[in-house]
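Below is one structure, written out as structure tokens; comments come after it.
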Amino acid sequence: MKRKAEDGRPRRGTGEGSSAESWFAALGVGQDTQLEDDATHGESRYSDWTTEGAPADSRFLSRQARRLIASPQPSFLRIYRAFLGARAAVGLLLLVTQIAAHLGGTGGQPQYWGFVVCAAYAAMTTWMWRGVAFGPQPPADAAPKRLSRRQWVFSIGLDVLVFGALHIVAPRASVNFVPLLVLPVLMAGVLTSRTSALAVAAVVTLLLLAEAWLQVLGGADIAAIMVQTGLVGTGFFVIAMLAGELAGRLARQELAARGSMELARQQAQLNRLVIEEMQDGVLVVDRRSRVRAANPAARRLLAAEGMVRAAPFKLEGHASWLPLVEAVQRGFDEGKWPAAGRELTLIFGDGLVRELRVRMRFTKRRDAQIAEDLCVLFLEDLRDVQARIRQEKLAAMGRVSAGIAHEIRNPLAAISQANALLAEDASIPAQRQLTQMVADNVERLKRIVDDVMEVAPGGAHVRAEVIDLTASVARICGEWADTARLAAGAPGALQVELPGEPVGAMFDAEHLRRVLVNLLDNGLRHSSGKPGSVQVRLERQDQVAILSVASDGAPIPPDVERHLFEPFFSTRSRGTGLGLYICKELCERYGASIDYRLRSAQYTARNEFLIVMRAEPVAPHHEPAASLHLAR
């Protein structure tokens, strides 16, 4: 049975390579970010310290920590290569020293053998260093994490042998070789286990004691020689212990840095996902008005239509962004910004105006005297702000309206039944006209009640599923065109532009039909009826699907635009004013948004309603598109 340590962990075996196991293997593979109580037994502390293929791009760590863990090589290989470089330098220096001593006329047998040993050592160490420094580098996951037996013999073992031989063979030479023995002891303390490091220190001490005993046999003072040798040997043991402790501290710091980097990377990915999904625009701008980052909402707000290109880009040079540039410079100069934000107006070509509320937040520096370099801008469309305010005011009214509509149903049904009985007894045209008038208004009231109950809180069950927008929009437009008796294709009033591949979104098919038909009815009602007067377009941008319904009617006045999505607001005498309000409520149920914008004068259909939905993958068995001619 295998012996176990006092803490219950099995001891390391004594197989091949066990004597050369490094401090940096103590963490092991899959040990997360915690260290064992005694990490000095066996493996390298650098085990499993790879970057997992992810770039070290986090800004949450210090520059030294990022440089440490962003290196393409594991720390064990870096330190091992540094020791090999130091050995090569020492070997060349020894060779130069021997050549200089030989040329100086102090030749002799000891110098000859020293020259041969130093030349061989310099050649060996240079060859090993060149092979590691300029040879093929192993992958990070396959990089060694401890010294193999061969590496141990040709590095630490070779150094002990060569430096010990030089010290014993030429003890009275002008060069003192004892300090060179620090190199193998230090290398063992850093790259091997504590037991191996102490063993190397013991071997070196024994070599020094052997050389001291030879001097005593030659007539030297035994007390002085042994005291000096004992002090030097004690120093080697101290160096081995201190090197091991420093190596352990380096291992713990690097492991903590890698754990912090992984947490920072996960936090950065989470923040990126949250910012990408925000309805408000977010811009990161520096002092030179250069946009470092921008989410899709901000890119849409900065463009007259569509989205501006992805960051980085400059705000300067665009006339429509001049108010934003001036506001950024003003914020940097003053170093503060109102908490409630400031309102700016961006004027695009063809008289398109977009009013924004801008809030600015600055990055904080430890030194208050240093000017801020970055700021974060939060952009909100004032129409959305006003819509949220109206929504809050209408929330209570919606609940009241739902209760009233529910109470109206019973008397309305009684009125309809009584009117039907009266219609049976109507004998003259005037009576039949009155009963028909009552029936028409009863039906109108029923539609109003149904619409109010449809958007009432909890009034309808949400049946959310991923649908193929390409096929659904094609089918709905085809059926609507047949109902409205419109010619299909380019000659007709309706033109549909759809992508060639399926586009999925989370929505209910019947509710999508209701929203799209409502927009199509409004567009046709206010259009000229010419070919292409009503245009439907579906496209996917980044992670969202955008459904557009545009018409060529007269532009909607600003005083009407701000009330478009309010309930019971209508420009028609017979309209209920619930159509667009219901569209907005249905879209919000599925996380979508609907908005109106006036396109530039280069478009014939300037009145455009946009529905923005989050794109989702479509199942392979998607629904086929209806037989409607699509304008590509």
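A salt bridge is absent between R597 and D381; no separation between the charged side-chain nitrogens and carboxylate oxygens falls under 4.0 Å. Comment: E588 engages K584 in a salt bridge, judged by a side-chain N to carboxylate O separation of less than 4.0 angstrom. We find that K530 and D552 are not joined by a salt bridge, their nearest charged nitrogen and carboxylate oxygen being 4.0 Å or further apart.
More than 12 heavy atoms of other residues, nucleotides or ligands shown are found within 6.0 angstrom of CZ on R361. Surrounding CD of E479 are more than 12 heavy atoms belonging to other residues, nucleotides or ligands, all under 6.0 Å away. With a 6.0 Å radius and a threshold of 12 heavy atoms from other residues, nucleotides or ligands, Q417 has its CD atom at or below the threshold.
Each of R359, R342, R354 was checked for a salt bridge (Lys or Arg N to Asp or Glu O under 4.0 Å) with E380, and the lone residue meeting it is R359.
Between V308 and H318, every side-chain heavy-atom pair lies at or beyond the 4.5 Å cut-off. Side-chain contact check for L564 versus E561: some heavy-atom pair is nearer than 4.5 Å. The shortest distance between side-chain heavy atoms of V442 and L412 falls below 4.5 Å. Using a 4.5 Å heavy-atom threshold, the side chains of L547 and L516 count as touching. A heavy-atom distance below 4.5 Å is found between the side chains of V544 and R300. Residues P499 and T470 have side chains in contact (heavy-atom distance under 4.5 Å, counting atoms from C-beta outward).
For the residue pair F507 and M613, the shortest heavy atom distance occurs at CD1-SD, 3.8 Å.
Counting only residues at least two apart or in different chains, ring pair (Phe, Tyr, Trp, His ring centres under 6.0 Å) contacts with residues 281-314 comprise F313-W321.
Atoms CG and CG, on L302 and L356 in that order, are 7.5 Å from each other to the nearest 0.5 Å.
Under the side chain to side chain donor-acceptor pair (under 3.5 Å) criterion, E443 pairs with no residue, sequence neighbours left out. Qualifying side-chain contact (heavy atoms from CB on, under 4.5 Å) partners for A327, counting only residues two or more places apart in sequence or in other chains: W337, L344.
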